[in-house]
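Take a look at the structure below.
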Amino acid sequence: MKIIRQLAPLRKALDELRGRGDTIGLVPTMGALHAGHMSLVEAATQQCGAVVASIFVNPTQFGEGEDLDAYPRQEAADAALLETAGVEMLWAPTVDEVYPDGFATNISVGGLSMGLCGGSRPGHFDGVATVVAKLFNQVRPDAAFFGEKDFQQLAVIRQMARDLDFMHDIVGVSTVRDPDGLALSSRNAYLDTEQRAQAVALPNVMREAAAAIAAGGNISGILQDAQAELLASGFHKVDYFELRNADTLEIMNVFKDSARLLAAAHIGSTRLIDNIAVTPG
Ligand code: PAF
């Protein structure tokens, strides 16, 4: 597997892949890879002739006081995993390569970026949309793969790709969970043993709330009770616990098709997010 850090050699290596007639699947990541990322690689491998993964801890999507410096960086271990999974190329640019002196462009996706994580992390989705647009232009893939775990991010990227005429497929891949139900996340590494045991309340409470909503219960009451239950289970702050339309991310006050429950909550210094479909039982 080639590890490439500059744009000129990336373009040359991609030309070689395309010359071979391979379609290219892009798996963008910030590293600290886990089985969730590897399921994106697997989906890309099934759909495309060659897989290019990127690792770039994108500073512009972290707000002031967030975990940019603490974010786990383990490129050698990540590269070994990707190589074993058959990834052809790792695009791991430096910050200067992505944001050279004088960089002045910002992509802001209206509507979908508001509320939920956009409400609690102002500017976050501008940073995501800008770096993902750059990755799309740098790699020019036939398909790009993103986890449904970051459900709002996936919606923002789909909208950005539509609006800016990126023609390739954007593929969403189901969330991978630990056996107890906690969604895999690079940030789970911040949890100590006690917090890890408490964190399972998030998927548990979400599943219970989804079942209660699907059974026709009062939505606002269920959402309030769920937040109280999280706070009683070791989480100290709930950023949001909401029922939204899965396609538009509009708030859903009456249970209908395409309902999605989305939540973000803090345990210790770790902010966890999760989302699940709410389907009529
Ligand atoms: O989901 C992530 O890891 C990041 O937000 C992404 C899409 C790689 C952009 O930096």
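All ligand and atom numbering here is 1-based and tracks the order in the structure.
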Please indicate whether Glu16 has more than 12 foreign heavy atoms, meaning atoms of other residues, nucleotides or ligands, lying under 6.0 Å from its CD.
-> yes
Table of N or O contacts for ligand 1, cutoff 3.5 Å:
unit_1, atom_1, unit_2, atom_2, d
ligand 1, 1 (O), Gln153, NE2, 2.8
ligand 1, 5 (O), Gln61, NE2, 2.9
ligand 1, 5 (O), Gln153, OE1, 2.7
ligand 1, 10 (O), Gln61, OE1, 2.6

Flag the pair Arg5 and Asp96 as a salt bridge only when some basic side-chain nitrogen lies within less than 4.0 angstrom of an acidic carboxylate oxygen.
-> no
Are Arg121 and Glu64 within salt-bridge range, i.e. N to O under 4.0 Å?
-> no
Partner residues of Phe103 under the ring-ring contact (aromatic ring centres under 6.0 Å, His included) criterion, sequence neighbours left out | Tyr99
Side-chain donor-acceptor pair under 3.5 Å between Asp163 and Gln159, yes or no?
-> yes
Looking only at heavy atoms, the pair that brings Arg271 and Ala264 closest together is NH2-CB, 3.6 Å
